[in-house]
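Some notes on the structure that comes next.
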Protein chains: 2
Amino acid sequence: MATGDQARGAVDEQPEDGRRPTISDVAAHAGVSVTTVSHVLSGRRPVSPSTQAKVRRSIDALAFRPNEIARSMRSQRTHTVAIVIPNIAHVVYPVVARGVNDELRPLGYQTAIYDTDGDPRIKAEVLQAVTARRVDGVIMFGFDMTSADAAVLEEADVAFVNGGLNAATDGPWDCVRSNQPAGMQDATRHLVGRFGGPVAFLGGMPGDGPADIRESGFRSGMAAAGLEVDERLVRRVPYSWEGGRHAVAELLAGPVVPRSVVCANDLIAIGGMAAARDRGLDVPGDMAFTGYDNIEAGTMVATTLTSVESYPNEQGRACARLLLDRISRGYSGPARHVGIDTDLIVRRSSTPRDDV
Amino acid sequence: MATGDQARGAVDEQPEDGRRPTISDVAAHAGVSVTTVSHVLSGRRPVSPSTQAKVRRSIDALAFRPNEIARSMRSQRTHTVAIVIPNIAHVVYPVVARGVNDELRPLGYQTAIYDTDGDPRIKAEVLQAVTARRVDGVIMFGFDMTSADAAVLEEADVAFVNGGLNAATDGPWDCVRSNQPAGMQDATRHLVGRFGGPVAFLGGMPGDGPADIRESGFRSGMAAAGLEVDERLVRRVPYSWEGGRHAVAELLAGPVVPRSVVCANDLIAIGGMAAARDRGLDVPGDMAFTGYDNIEAGTMVATTLTSVESYPNEQGRACARLLLDRISRGYSGPARHVGIDTDLIVRRSSTPRDDV
DNA sequence: TTGAAAGCGCTACCAC
DNA sequence: GTGGTAGCGCTTTCAA
C-alpha cells in the first residue's frame, strides 16, 4: 500500500544525537535561511508557496518544535499566566482556576497554578519566582493583597489582577469581588422572612477567610428586615463542620434558642444542622439554616442546605478577562473593579414543609 | 534615627526607564565584569570578599533579579515541574498537587498545574506546550498514559512520571499506583465479615475513573470471603450521589435485597444510604455501606461513612520523589513502579450499634 | 582573582 | 521574496 510518503514525512530523519532540532537545523535541511523558517512559522512576512512547502517538509522531517524559552527571551512574552491561590485543596479555588483556564486557553495562554499554603512567606517566594520567570500576568486570588505585593509585580512590569476576598479597601489595581455582603444579606432576609427570629449568626474565624465581611452582610440583612441583632447569638467559630456543631450545641444550651441560623459557610451550617438533629429538633421545622458556598455536600445531607452560590468559576473568568485586557488587548487605563453577584439557592433547610 | 543606610540599600537608584536591570547593569554599577557578577550569584568560583560586597551592594541598589528565562536558555533547566491532571475541580487532584508541591518547593522547584478537562485533545496540547516551555519534568496524574504521550515527552527529553489511575498494563516508565484492588478487597471483606451477604457492588461508569479495577477488587474480596458474587447485585452507575441513590432504589425494588453494599466511591455510597433511609431502612442495621476516597462529606452525613483512604497527598509526593531522582539526582536507571497502600477508615455505616 | 567573548534558539531589523 | 546578523540576559569556557 502507498502509505510510504505521508508516513515517512513524520519520521525523524535526523541522526538522533540527543539534541532537539533547532530552527537552523530546519533551515539547513530545507536549504533556506533561518529568517525564512522563522517567517513561515510566524506568518509575519510572505513566503513563496514552494519555499513554504519545503520548509514545512523539513519541519516535519526533523520533528522540529520551536523552543518557547528562546522565543520568550526575544519577545519578552511567555504566553503564560500564573494564578496564585492560598490553598488548592480548598473547595472554591480549583473552580476559580478552571474559570481562568477556560477563558485563557482558547487564546493560547497557559495557566500555571501556584499554591502558597496561606503562608505570606511562600507568597513572597512565589511572587519572586513568577516575576523572574516572566509570566505575562498574575492573578492573585483569595488574598488580601498588599501594596508590597503590588510593588513587586509592578517593578517587574507584569500585569496583575486581584480577586476573591474582599479587602478592607481595594488598592489601585484591577479587582474582582464577589458581592458577599449582598449574598449574606439575601440569606438573612430570606430566613427572617420565612421563619422570623431569634436569628443567630455563625461566622468564621477572622484571618481564615472573609469573616468580617460576611458578618457585616448579616447585620445589614437584619437591619433591612427591621430586626435587632441579639449579640448572644453571634458567634465566631472555625469554618468547619465541628465548629458549627459545637456552636449550635452551645446555643441550644443557652438562654435564647434561635429560630433561624445564618452561617458563614456550608460546613458550619451542616455541622449546625447535625447538632440540631441530635437534640431532636426538626430542620427547618424548629430551626432553619442557610449556608454559604453551595458545596456539593449541602445537596447530600438529609436536609438539603439552602446556600449562597458565589460563582467562583465566573469570578475566575472575570479575572482572566481583566488581565487579558492588559496583556493582549493593550488596555492600560485606570484600575477597574468588577463585582460578581451571588444567588441564593433555596433547599429544604429553609423551606417550610407546606411549601415542598 | 540611623535607619538611613540599610533602608537606602534597598532603594532603586537606577533611573526608572521601565527596563529591569540586567546582570550587565549590575556589573557596570559595581565596576566589575558580568562574569564576576555571575559568579557571586552562583558561587561557582571564588570571588574576593571585597568584590563580593561591592557586587551585592549593586544588586541591592538596583533591585536586580536574575532573569530565569535567560538562565534557562543557557542551562536548559527551568526548575519547574508540570503536573498534568484531568480535572482540578475533582476531589483528589488538588490534594495530589499539594503533595507534589510539598515535596518540590523545598528544593527550589516550582510546580505548575495543568488541567486537561479530561479531553485527550487538550491533553495533547498541554503536552506540547509543556515540552515546548521546557519544564524539567512532568507528572501525568490520573491518566491512562499512552505510548504516544510517552513518546512526546521522551522526544522532548523531559523526564516524567505517571501516577493515579491503574492502567491495564503499566508502560515502561515510572509509575505510582494506589493499591486500589487491595483497598476494595479490604472494604469488601470488612463488610462481609461484619454483616454477611447478600453483597451488592455499585461501581462507577467505565471511562470515568478506575471502574474496572475497583470491581475486580470487589470480586477478589468476595472470593477471599468465600462468597459467590450475585451478578444481579453488581451495577455500574455514574460516580455521583444521584447514581447511588437510584441504584439502591432499584435494588430495593428487586428480587434480592443486599445486606452489604460496597461502593466504588463515596458519592455513590452517600446517595445509596439516602435511598435506604428514604425507604425506612436503618444503616447499618438493615443495610451496611462502604465508600471509597474518604471525602469530607462522608463525615458530615447522618450516618458517617466507612471509606477507603488512598492518601492522594502521599501519591503526589511519591510522584515528585521519583521525578526528582531523575531530574536532580541523576537517576537514569530502569522504570520503577511504586504502590501506595490504602487504609479502611471505619465509621458508623459499617459499625453495628453494639460496637459503638 | 578576574575578564572577554562565545554562544543558548529565536525574532526582527536591515539589506538586497 | 529572501538572507545576514545583532541582539534578548545569562553561563561558561578560555585566557590572563
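A, B, ... follow the sequence lines: proteins, then strands. Residue 1 opens every chain.
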(message) Categorize A:V32 for me: base, sugar-phosphate, or nothing, with a 4.0 angstrom heavy-atom threshold over every strand shown.
(response) sugar-phosphate
(message) Using OP1 and OP2 only, check whether a side-chain N or O of B:T35 sits under 4.0 Å from C:dG3.
(response) no
(request) Return no unless some side-chain N or O of B:S38 is found under 4.0 Å from OP1 or OP2 of D:dT11. (result) yes
(request) Would you mind reading off the distance between B:M73 atom CE and D:dG9 atom C1', rounded to a whole angstrom? (result) 9 Å
(message) Strictly below 4.0 Å: does B:Q52 bring a side-chain N or O up to OP1 or OP2 of C:dT1?
(response) no
(message) Give me each pair satisfying ring-ring contact (aromatic ring centres under 6.0 Å, His included) with a member in residues 104-140 of chain A, each pair once, sequence neighbours excluded.
(response) A:H79-A:Y109
(request) Name the closest nucleotide to the B:S33 side chain, picking from D:dT5, C:dG3, D:dC10. (result) C:dG3
(request) State, with a plain yes or no, whether a side-chain heavy atom of B:T51 is found less than 4.5 Å away from one of B:V40. (result) no
(request) Take atom CZ of A:R71 and atom C1' of C:dT11, then tell me their distance rounded to the nearest Å. (result) 9 Å
(message) Whole angstroms only, please: what is the CD-C1' distance between A:E68 and C:dG9?
(response) 11 Å
(request) Give a yes/no answer on whether the side chain of A:T36 brings an N or O atom under 4.0 Å of OP1 or OP2 in D:dG3. (result) yes
(message) Between C1' on D:dG9 and CZ on A:R74, what's the gap in Å once rounded to a whole number?
(response) 12 Å
(request) Rounded to the nearest angstrom, tell me the gap between atom CZ in B:R65 and atom C1' in D:dG9. (result) 15 Å
(message) Using whole Å, what does the distance between atom C1' of nucleotide C:dT2 and atom NE2 of B:H39 come to?
(response) 10 Å
(message) Please give me the minimum heavy-atom distance between B:I327 and B:D136, naming the atom from each residue.
(response) CG2-O, 3.3 Å
(request) Would you tell me if any nitrogen or oxygen in the side chain of B:R44 comes within less than 4.0 Å of OP1 or OP2 on D:dT12? (result) yes
(message) According to ring pair (Phe, Tyr, Trp, His ring centres under 6.0 Å), who are the partners of A:H90, at least two apart in sequence or on a separate chain?
(response) A:Y93
(request) Considering just the side-chain nitrogens and oxygens of A:S24, establish if one lies under 4.0 Å of OP1 or OP2 belonging to C:dC10. (result) no
(message) We want to know whether A:T131 and B:R65 form a side-chain donor-acceptor pair, criterion being a heavy-atom distance below 3.5 angstrom.
(response) no
(request) Kindly say if A:T51 contacts the phosphate of D:dT2, meaning a side-chain N or O under 4.0 Å from OP1 or OP2. (result) yes
(request) In whole angstrom, give the distance that lies between atom CG of A:N67 and atom P of C:dT11. (result) 10 Å
(message) It should be established whether B:S48 places a side-chain nitrogen or oxygen under 4.0 Å from OP1 or OP2 of nucleotide C:dT2.
(response) yes
(message) Taking the minimum atom-to-atom distance to the side chain of B:Q76, which one of D:dT2, C:dG9, D:dC10 wins?
(response) C:dG9
(message) Rounded to whole Å, how long is the line connecting atom CZ of B:R45 with atom C1' of C:dT2?
(response) 6 Å
